[in-house]
Amino acid sequence: MSLDLIYFKACPFAQRTLIALGHLGLEFSKTLINPMDKPSWMFAVSPSGQVPLLKVDEQEVLFDSSVICEYLNDTAQGNLLLGDALQRAKQRCLVEFGGECQMAFAGLLAAPNEEKFNQVKTGLLKKLAWLEAQVDENGPLFAGSQLSMVDIAFAPLFLRLQHLQKVVPIFTDNDLPKISRWSMAVLEQKAVQESVEGDFSMIFKMVVGSRGKDGFVHKQMNQEK
Ligand SMILES: N[C@@H](CCC(=O)N[C@@H](CS)C(=O)NCC(=O)O)C(=O)O
């Protein structure tokens, strides 16, 4: 079987699939796309024109990171989804929620001024406060010691929050102790570290400079220099 991942370098959803591929030990190739210059063939296989896409055996194409991660898990007979049908469904709910949190994070970068930034931040913190209550008491990962689909779903957000917090504080360890501990454990995972190509601080700067050009975060970042 051949697997080709079609992705943008800075895409958090593509990063989820890279983590799953690495963790599950599957062999794959990668096709890097420039988001500013998408090839026309992409629209034939991706109705939304989004990445990640997974080409299987050079024929079938799957889209949506959560679907791709589940397919990879099934293919490798992995155990990224744990427990009975209801427990697995609950993990899928959290994966979906991870996407919502990621979109809220994108809103922070895009905020044109401090007022809008604080408004979006309040929304994100509300989501994270709900999430805090769902995290395993002992950790270190979401549901204990084993990496799961929920860890993979949130890993890209945790990485981006870590970099954003160097520029603008969002929350402290005391505000969200379980998420803080969980995110540290997730970012220490080998598959998470290997999912980043090159220096992520440079990638993050590039994203802020394009997605959030002249916005609040961009200005704060430039003031830092
Ligand atoms: N729900 C999708 C979201 C994917 C997504 O938002 N991808 C972004 C890049 S991070 C994209 O392709 N954006 C390009 C566009 O919308 O034109 C998933 O989980 O795969």
Side-chain angles (χ1 to χ4, degrees), residues 3-24 26 28 30-56 60-75 80-81 88-111 120 123-124 127 131 142 148-164 186 191-192 195-198 200-213 215 217-218:
L3 300 172
D4 185 51
L5 183 71
I6 297 153
Y7 73 115
F8 305 155
K9 208 167 191 172
C11 173
F13 297 98
Q15 193 185 0
R16 287 176 167 183
T17 60
L18 283 163
I19 297 168
L21 282 158
H23 175 74
L24 294 165
L26 290 164
F28 65 104
K30 292 189 282 190
T31 301
L32 182 64
I33 298 285
N34 175 356
M36 309 312 277
D37 185 19
K38 296 179 195 165
S40 54
W41 59 259
M42 206 179 138
F43 294 93
V45 289
S46 170
S48 58
Q50 292 186 328
V51 295
L53 300 168
L54 185 74
K55 197 179 248 190
V56 182
E60 304 290 347
V61 177
L62 301 176
F63 56 88
D64 197 279
S65 60
S66 50
V67 175
I68 294 172
C69 286
E70 280 212 33
Y71 169 75
L72 295 171
N73 188 47
D74 286 347
T75 300
L80 289 172
L81 279 176
R88 293 201 307 276
K90 285 183 75 178
Q91 288 154 50
R92 290 185 184 102
C93 289
L94 283 156
V95 169
E96 189 61 32
F97 184 64
E100 273 181 43
C101 293
Q102 186 62 58
M103 295 318 284
F105 178 87
L108 285 178
L109 301 192
V120 180
L124 177 61
K127 290 183 195 301
L131 184 64
F142 178 75
S148 75
M149 210 59 105
V150 180
D151 298 302
I152 292 179
F154 280 91
L157 175 66
F158 291 159
L159 178 63
R160 285 154 181 78
L161 273 171
Q162 186 189 55
H163 283 263
L164 179 61
V186 165
V192 174
S195 67
V196 177
E197 283 176 23
F200 191 78
S201 53
M202 295 312 292
I203 297 174
F204 185 67
K205 275 194 182 134
M206 184 201 79
V207 171
V208 172
S210 59
R211 287 271 170 137
K213 188 158 172 46
V217 176
H218 192 213

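Ligands are counted one by one from 1 in listed order, and the atoms in each one are counted from 1 as well.
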Exercise: do Gln102 and Arg16 side chains pair donor with acceptor under 3.5 Å: no

Applying ring pair (Phe, Tyr, Trp, His ring centres under 6.0 Å), can you list everything that pairs with Tyr7, at least two apart in sequence or on another chain? none

By ring pair (Phe, Tyr, Trp, His ring centres under 6.0 Å) - contacts of Phe63 (at least two apart): none

Can you classify the ring geometry of Phe200 versus His163 as parallel (below 30°), tilted (30 to 60°) or perpendicular (above 60°)? perpendicular

Please check if the side chain of Ser46 supplies one atom and the backbone of Phe43 the other of a donor-acceptor pair under 3.5 Å. no

Where does ligand 1 get N/O contacts under 3.5 Å from the protein, atom by atom?
unit_1	atom_1	unit_2	atom_2	d
ligand 1	1 (N)	Asp64	OD2	3.1
ligand 1	6 (O)	Gln50	NE2	3.4
ligand 1	7 (N)	Val51	O	2.9
ligand 1	12 (O)	Val51	N	2.9
ligand 1	16 (O)	Gln50	NE2	3.4
ligand 1	17 (O)	Lys38	NZ	2.5
ligand 1	19 (O)	Ser65	N	3.3
ligand 1	19 (O)	Ser65	OG	2.6
ligand 1	20 (O)	Ser65	N	2.8

Taking only residues at least two apart or on different chains, which pairs with a member in residues 88-106 satisfy salt bridge (charged side-chain N to carboxylate O under 4.0 Å, His left out)? Glu70-Arg92, Glu100-Lys127

